[in-house]
Peer 1: 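Have a look at the structure that comes next, please.
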Protein chains: 2
Amino acid sequence: MDNNEELNAEQRIIDAAADVFEENGFDGARMQQIADKAGINKALLHYYFRSKDLLFEKVFLIVAERIFAGFIKAFEEKGTIFQKIELFVTKHQELLYKNRRFPIFFFNEISRNPMLMKKLVAKLEFNNRFKNLFIQLEEEKKAGIIRQDVDVRHLMINIVSLSVFPYIGRPVIKEIMSDFGFSYEQFLEERKSVVANFVINSIKA
Amino acid sequence: MDNNEELNAEQRIIDAAADVFEENGFDGARMQQIADKAGINKALLHYYFRSKDLLFEKVFLIVAERIFAGFIKAFEEKGTIFQKIELFVTKHQELLYKNRRFPIFFFNEISRNPMLMKKLVAKLEFNNRFKNLFIQLEEEKKAGIIRQDVDVRHLMINIVSLSVFPYIGRPVIKEIMSDFGFSYEQFLEERKSVVANFVINSIKA
DNA sequence: TCTACATTTGACCAATTGGTTAAACCAATA
DNA sequence: TATTGGTTTAACCAATTGGTCAAATGTAGA
């Protein structure tokens, strides 16, 4: 259960804290549990990070930054808009599958303390990350490849919604799928192609 | 702040608890805060509901049942599949707008304790609520109105994803929208028509 | 080896929290 | 009016929790 003994204490604390916070949320997490998982004394947590709040903020930003970086990278692939969407959705699914507990944790904590989002944005600088995508979409609109009424903002949120929601609503979808005689895992697998097709069908002229 | 003094203590407790739990989550909620909001002594909470766990479960199921009932009702409207989708999306948006804090609360608590979902399903009996929709979709497929490759399960999840996610990701979307020079409220308003069109475009033959 | 400094620990603390209890209150009824 | 039963309260409790502190341990350089 304890992390690699080779790493220094500070890194072991961060790893352990990420795990415990992601599993239990800020309010549900216990400093003692983090200390145990890191294999150190509880006082050492405060030696390195002063308080639960500061430890949480540091860990939250580290984890969120890592995952968002992966998310954003998938935006920067080359190709037609349809190819981009396909690649983008596939990459997101893989990333999400490897970090299944992250979405509900992230959105819950952000909702509890929206200031975290400001701090995350400051670290990510994704202000003009979407500029290229925006330009490309306008071009493909003019070329008659995609519908005139497509709105970049809504399109982006739509893609993310379709990718992320199944992980947020995992227990709900699990229940519904079993009603239909399917497994949740199978549903996720199918979704890799379904979502891309769904989006493409909805925007192509 | 305190609820209607006319109501009996039990109901006042339920209302107050719903509010406090929805705002802070189970772990973040305090029995004292619930008692204060209900205008009663803390001991009375235990007199009526024994423990925090039992109070939470009762309140959670009451609130979730009420909202899911509204959700499901929107499924049972008459009309073509396109009309249904339009009506369905619009009704959901209104319901969600009135219960903005519910989605993130609901999915977080369900994620923390999936057994709640089982109990909710048992109360709702929505096993065969979707049968009609399923049949209608197959018919419209045969009639060549919608695409052959449409899958009811994915379509349903897609619709819900597109409707619900903007409420779960509120602070995130708020941030992104302000980058684009738009307000979150405006974005939600636009979405009423955008989502329906998006879905319809993606499934029509 | 001695010293200075960072690291780590066990023991401890004050505050908070969910929960209990015995007594008080109050309305109905005999 | 006296009694009974449900309702409500103040006071209290044990356990947990985030956090502190002085002492111990390790370690690199003089």
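Below, chains carry the letters A, B, ... as their sequence lines are ordered, and counting in each starts from 1.
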Peer 1: Under 3.5 Å, is there a donor-acceptor pair between the A:R112 and B:N108 side chains?
Peer 2: no
Peer 1: Select base, sugar-phosphate, or nothing to describe what B:Y48 touches, counting heavy atoms under 4.0 Å on all strands.
Peer 2: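 Since only primed, P, OP1 and OP2 atoms lie under 4.0 Å of B:Y48, the category is sugar-phosphate.
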Peer 1: Just the rounded figure in Å: distance from P of C:dT9 to CG of A:D36.
Peer 2: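 Atom-to-atom, A:D36 to C:dT9, this comes out as 12 Å.
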Peer 1: D:dA23 P sits how many Å from A:Y47 OH, rounded?
Peer 2: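 These atoms are roughly 18 Å apart.
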Peer 1: Can you check whether B:F165 and A:F107 have ring centres sitting under 6.0 Å from each other?
Peer 2: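 Ring-ring flag for B:F165/A:F107: true, centres closer than 6.0 Å.
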Peer 1: Under 6.0 Å between ring centres: does that hold for A:F182 and A:F187?
Peer 2: no
Peer 1: Expressed as a whole number of angstroms, how long is the span from A:L44:CG to D:dG26:P?
Peer 2: 15 Å
Peer 1: Hydrogens and angles aside, do A:Q32 and A:D36 bring a side-chain donor and acceptor to less than 3.5 Å of each other?
Peer 2: yes
Peer 1: How close or far is atom C1' of D:dT7 from atom CG of B:L45, stated in whole angstroms?
Peer 2: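 About 14 Å, once rounded to whole Å.
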Peer 1: So B:F68 and B:F106, ring-ring contact (aromatic ring centres under 6.0 Å, His included) or not? Walk me through it.
Peer 2: CA-CA 11 Å; B:F68 269 69; B:F106 174 79; 5.1 Å; yes
Peer 1: In whole angstrom, what separates A:Q33's CD from D:dG18's C1'?
Peer 2: 15 Å
Peer 1: Base, sugar-phosphate or nothing for B:I40? Non-hydrogen atoms, less than 4.0 Å.
Peer 2: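 If one applies the 4.0 Å heavy-atom cut-off, B:I40 turns out to touch the sugar-phosphate alone, with no base involved.
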Peer 1: Would a line drawn from the ring center of B:F198 to the ring center of A:H154 be shorter than 6.0 Å?
Peer 2: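 No, too far apart.
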Peer 1: So if I define the base as every atom that isn't primed, P, OP1 or OP2, how would nucleotides 11-27 of chain C read as a B/S/- string at a heavy-atom cutoff under 4.0 Å?
Peer 2: ------SBBBB------
